[in-house]
Q: 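Let me begin by handing over the structure; questions about it come next.
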Amino acid sequence: MLHIALLGFGVVGSGTAEVILQNQKQVAAYCGDEVNVKYILDLRDFPEHPLGDRVVHDIQVILDDPEVVLVAEMMGGAHPAYEFTSAALKAGKHVVTSNKEVVATFGAQLLDLAREHHVSYLFEASVGGGIPIIRPMQTDLASNEILSVSGILNGTTNFILTKMKNEGAAFADMLKLAQQKGYAEANPTADVEGLDAARKIVILAALAFGKLLDPNKISTTGITGITEEHTALADKLGGAIKLIAHTEKIDGRVLALVSPFLVLPTNPICHVDDVYNGILVGTNMLGRALFYGAGAGKLPTASAVVADILDILSGRSTDRRLPHWQVAGADDVADVASLSCRRVYVFEGCPRCEAKAKTALASEDSVWLCDGKFAVISAKMTATDADAAIQTTGLCPILSLPVLD
Ligand code: HSE
């Protein structure tokens, strides 16, 4: 019997118990032994749950039990999850987690701690919910240099933006629905203001480039400024507004940002709707690979937690799953102003204004929308250059977004 403990019995924690119980035979066959949830750590009691008798309220019970070989941390929030993770690793227990805040903030030191104590620290569920992305980046793409990672990393905001575009639904109602469905964070500000996606792109940037950026310092814009009018305008342009997280290296420095983008239909991310996440990894040999699936929710996320548990308990996890990350210094980080891409601007005006804007933005694409509004898509340029070009026209855009094409 292989004994494990679950820290946190909320949406993901209870989902993890459900996956282990429901797929008991499969789990035992993969590990070569039965997996037993010996303890569940939570502040609450769950007397009605079949595993309700496993609930404890003191982490020390778990740390002191030599039978417990693995701890799955699904508490959310940085503290005390970080302290409990450190203590479990120091006690020689493997740790798996869905907690992106802890991985994005303390990942470098926790990986060092795991190495020091000859145990694993795996975090597949921290990015992309149930989508396999961490493991493929570390193993299947090992023969490639990773050049960039872009995509939709937050299910809640994608759900909201999709409903706003397709049904004209109101932002606040859809946020409530996403909370009811268990997609949103305990504090949904982290979803709608982009911080959740920022934490996830920081983790993927560390996997791609070995530097762990501070998620609170990367350029992050959420979707609270996006209106139904904006989503309708994007629709008229044949595209969709998506909250995109992006990372790439510019002149040896790591650039990472989160922002609403206009995604054109030529990019597969444009068609990633509802709670789904889509992550495009650009590599130097394979080219672009798209990872797509349920990016949030109880059982999808729990399935990724259990995949890590099985990886370790079956003995398949190896040292290469413990990457060496360095905490990024100021010299490692590229300024967001250095990002060069096409940009869309919506203006109100006459055909002469359109011609002026097209010339200034070296644009070959413009579309008349409605009510005297027109959109111009610029050539590839930095935001500074584009803003300077617009100033020369005397026009004032009513919407401006970077473009993913
Ligand atoms: N709140 C997150 C999301 C949950 O909506 O994507 C999964 O990390």
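Just follow the structure's listing: the first ligand is 1, and inside any ligand the first atom is 1. As a basis for the values below, the full set of heavy atoms in this structure was taken, side chains included, without hydrogen atoms, waters or symmetry mates.
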Q: I'd like to know if the side chain of H230 pairs up with that of E228 as donor and acceptor (distance under 3.5 Å, no hydrogens or angles considered).
A: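 On atom types as modelled, these side chains do not qualify, holding no pair under 3.5 Å.
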Q: Looking at atom 4 (C) of ligand 1, what's its closest protein heavy atom, distance included?
A: Y183 O, 3.2 Å
Q: Identify, by atom number and element, the atoms of ligand 1 in contact range of G155, meaning under 4.0 Å from any of its heavy atoms.
A: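 Ligand 1 atoms under the 4.0 Å threshold to G155: 3 (C), 5 (O), 6 (O).
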Q: Can you confirm if the NZ or CZ of R54 lies within 45° of the ring axis of F9 and under 6.0 Å from the centre of its six-membered ring?
A: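 The answer is no, since R54 fails at least one limit relative to F9.
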Q: Taking distance alone, with N or O pairs closer than 3.5 Å, would you say A184 contacts ligand 1?
A: no
Q: Could you check if a side-chain atom of I152 sits within less than 4.5 angstrom of a side-chain atom of N154, using non-hydrogen atoms only?
A: no
Q: Scan side-chain atoms only and decide if E73 and T97 contain a donor-acceptor pair under the 3.5 Å cut-off.
A: yes
Q: Show which atoms of ligand 1 fall inside a sub-4.0 Å distance from at least one heavy-atom site of K200.
A: 2 (C), 3 (C), 6 (O), 7 (C), 8 (O)
Q: Which of the atoms in ligand 1, numbered in the order shown and given with their element, are less than 4.0 Å from a heavy-atom of K100?
A: 4 (C), 7 (C), 8 (O)
Q: Let's go through T189 and N187 carefully: what are the C-alpha distance in whole Å and the side-chain angles of both, what is the deciding distance for side-chain hydrogen bond (donor to acceptor under 3.5 Å, both in side chains) to 0.1 Å, and is it a yes or a no?
A: CA-CA 5 Å; T189 309; N187 177 358; 2.8 Å; yes
Q: Parallel, tilted or perpendicular: which fits the ring planes of F347 and Y345, with parallel below 30° and perpendicular above 60°?
A: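 Rings of F347 and Y345: parallel, under 30°.
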Q: With a cut-off of 4.0 Å, which atoms of ligand 1 are near a heavy atom of G295?
A: 6 (O), 7 (C)
Q: With heavy-atom distances below 4.0 Å as the criterion, list the atoms of ligand 1 near D191.
A: 1 (N), 2 (C), 3 (C), 5 (O)
Q: Specify side chain, backbone, both or neither for N277, according to which of its non-hydrogen atoms lie closer than 4.0 Å to ligand 1.
A: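 Neither; nothing of N277 gets under 4.0 Å from ligand 1.
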Q: If the plane angle is over 60° it's perpendicular, under 30° parallel, otherwise tilted; pick one for Y292 and Y276.
A: parallel
Q: Would you mind listing which atoms of ligand 1 come within a distance below 4.0 Å of any non-hydrogen atom of T156?
A: 1 (N), 3 (C), 5 (O)
Q: Give me the atom names and distance for the closest heavy-atom approach of M164 to A169.
A: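 Residues M164 and A169, closest heavy atoms: CG-O, 3.4 Å.
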Q: Hey, is G129 one of the residues with a heavy atom under 4.0 angstrom from ligand 1?
A: no
Q: Can you list the ligand 1 atoms lying under 4.0 Å from a non-hydrogen atom of E185?
A: 1 (N), 2 (C), 4 (C)
